[in-house]
Student: 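What follows is a single structure, and I will ask about it in a moment.
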Amino acid sequence: MAEHQLTAFEHVLLGLVCLSPASGYDLKRIFAATPMGIYQPSSGALYPALRRLEAKGLVRAMALDGAGESARRRRVYEPTEVGQAAHMAWLRTPIEPSTVSRDLGLYLLRFVMMEHVFSRDEVLGFLDSLSEALAAFTAELERHAAVPQVGGRHPRLALDHGLAVHHASLEWAGRAIASLRAAPIASA
C-alpha cells in the first residue's frame, strides 16, 4: 500500500469517518461539542480536507437527499478499504519520543480511537510506549530544572508548568495502564 501523507487534521477526519460515516456538518458538530474542539475547523478548512481525502481514495461521499422544504442534498463520507487501512496504520504508528510534548493531544486521540479496533494488549503496548516517552521527556525537564535559571522568574515558572503538566500526563498513563490491566477482557 502506498504511503498516504496526511496532515494531523486529515488523520483526525479520517478517524472520525472510520468510527461512523458523517457529513461535513456532522463533523463540525462533533468538533464543536467535544474536547476535539481544539481541531475545530472553519468550513474553509473542513470541506477542502474532506475533498483531499476523497481525491486520495481514502473516503467516498454518498449523496443523500435532505428532508423538509429547504433541504439540500448532503454528502455523507464513509471510509474506503484503503482509508480504513491508512487509519489503522496511523493508529499503529509508533510514539515518537522527541514529539511527545508537542503531539500529546494527537496521541491521546489515537488512544481514544483504538478502543473498539485494537486488542487490549495492543492498547497496553501503545500506552506503555507513551508512558516511556513521557518519562523520558519529564526526566529531561527535571534535568533542566536542576540547573540554575537565568533571565528572571518567568522562565522557571514556565518550566514548573511544563513539569506539572507532564507529570500529570505520566501519572494518568500509569492509571490508565493499571485500569486496563485490571479490567476483564470482553468476549467477542
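These numbers were taken from a predicted model, which means no experiment stands behind them.
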Student: Looking at every heavy atom in both Ala133 and Pro97, which two are closest together, and how far apart are they?
Tutor: CB-CA, 3.9 Å

Student: Can you tell me if Arg60 uses its side chain to pair, donor with acceptor, with the backbone of Glu78 under 3.5 Å?
Tutor: no

Student: Grab the two heavy atoms, one from Ser101 and one from Phe137, that are nearest each other, plus how far apart they are.
Tutor: CB-CZ, 3.5 Å

Student: Kindly give the heavy-atom pair with the smallest separation between Leu106 and Ala8, and that separation in Å.
Tutor: CD1-CB, 3.5 Å

Student: For this output row, return yes or no: ring centroids of Trp172 and Phe111 closer than 6.0 angstrom.
Tutor: yes

Student: Drop me the distance from Ile95's CD1 to Arg110's CZ, to the nearest 0.5 angstrom.
Tutor: 5.0 Å

Student: Would you say His144 and Glu140 are linked by a side-chain donor-acceptor pair, where the criterion is simply a distance under 3.5 Å?
Tutor: yes

Student: Could you go through Leu53 and Tyr77, starting from their C-alpha distance and side-chain angles, then the distance that decides it, and tell me whether this counts as side chain to side chain contact (heavy atoms under 4.5 Å, CB included)?
Tutor: CA-CA 10 Å; Leu53 291 173; Tyr77 295 89; over 6 Å; no

Student: Determine, step by step, whether Leu13 and Val59 satisfy the side chain to side chain contact (heavy atoms under 4.5 Å, CB included) criterion, reporting the C-alpha distance in whole Å, the side-chain angles of both residues, the deciding distance to 0.1 Å, and the verdict.
Tutor: CA-CA 10 Å; Leu13 285 178; Val59 299; over 6 Å; no

Student: Would you say Trp90 and Leu14 make side-chain contact, with heavy atoms under 4.5 Å?
Tutor: no

Student: What verdict does the salt bridge (Lys or Arg N to Asp or Glu O under 4.0 Å) test give for Asp160 and Arg153, after you've listed the backbone C-alpha separation in whole Å, the side-chain angles of each residue and the deciding distance to 0.1 Å?
Tutor: CA-CA 11 Å; Asp160 288 347; Arg153 292 183 309 178; over 6 Å; no

Student: Consider only side-chain heavy atoms of I, L, V, M, F, W and Y, link residues closer than 4.5 Å, and tell whether Phe9 and Leu16 are in one cluster.
Tutor: yes

Student: Which atoms form the tightest heavy-atom contact between Ser131 and Ala173, and what is the distance?
Tutor: CB-CB, 4.1 Å

Student: Should Arg92 and Glu122 be marked as a side chain to side chain contact (heavy atoms under 4.5 Å, CB included) after you check the CA-CA gap, both sets of side-chain angles, and the distance that decides it?
Tutor: CA-CA 9 Å; Arg92 286 192 169 99; Glu122 286 178 288; 2.7 Å; yes

Student: Are Arg120 and Glu115 within salt-bridge range, i.e. N to O under 4.0 Å?
Tutor: no

Student: If you measure from CE on Met113 to CZ on Phe118, what distance do you get to the nearest 0.5 Å?
Tutor: 11.5 Å

Student: Any heavy-atom pair between the side chains of Arg74 and Tyr25 that's under 4.5 Å?
Tutor: no

Student: Measuring only between side-chain heavy atoms, which start at C-beta, is Val165 closer than 4.5 Å to Leu104?
Tutor: no

Student: Under 4.5 Å between side-chain heavy atoms, counting indirect links through other Ile/Leu/Val/Met/Phe/Trp/Tyr residues: same cluster for Val123 and Val117 or not?
Tutor: yes

Student: Applying side chain to side chain donor-acceptor pair (under 3.5 Å), run through Asp26 and Ser23 and close with a yes or a no.
Tutor: CA-CA 5 Å; Asp26 295 333; Ser23 68; 3.1 Å; yes

Student: Locate the shortest heavy-atom distance separating Met114 from Leu91; write the atom from each residue and the value.
Tutor: CE-O, 3.3 Å

Student: What distance do His154 atom NE2 and Leu159 atom CG have between them, rounded to the nearest 0.5 Å?
Tutor: 14.0 Å

Student: Using a strict threshold of under 4.0 Å (side-chain N to carboxylate O), is an ion pair present between Arg52 and Glu10?
Tutor: yes

Student: Please report the interatomic distance CD(Glu96) to CG(Asp103), rounded to the nearest 0.5 Å.
Tutor: 9.0 Å

Student: Under the side chain to side chain contact (heavy atoms under 4.5 Å, CB included) rule, what do Lys56 and Leu6 come out as? Steps first, then yes or no, please.
Tutor: CA-CA 10 Å; Lys56 291 176 182 180; Leu6 302 179; 3.5 Å; yes

Student: Ignoring hydrogens and angles, tell me if any N or O in the side chain of Ser129 forms a donor-acceptor pair with the backbone of Gly125 under 3.5 Å.
Tutor: no

Student: Between Arg75 and Ala61 (side chain of the first, backbone of the second, donor and acceptor by atom type, cut-off under 3.5 Å), is there such a pair?
Tutor: no

Student: According to a hydrophobic-cluster definition based on side-chain heavy atoms being under 4.5 Å apart (Ile, Leu, Val, Met, Phe, Trp, Tyr only), do Ile177 and Leu180 belong together?
Tutor: yes

Student: Nearest 0.5 Å, please: how far is OG1 in Thr80 from CD in Glu54?
Tutor: 10.0 Å

Student: Which heavy atom of Ala176 sits nearest a heavy atom of Leu127, and at what distance?
Tutor: CB-CD1, 4.1 Å

Student: Compare all side-chain heavy atoms of His87 with those of Pro79 and state whether any distance is below 4.5 angstrom.
Tutor: no

Student: Under 3.5 Å, is there a donor on one side chain and an acceptor on the other for His166 and Glu171?
Tutor: no

Student: What is the distance from atom NE2 of His11 to atom OG1 of Thr93, rounded to the nearest 0.5 Å?
Tutor: 6.5 Å

Student: Is there a donor-acceptor pair under 3.5 Å between the side chain of Thr138 and the backbone N or O of Leu134?
Tutor: yes

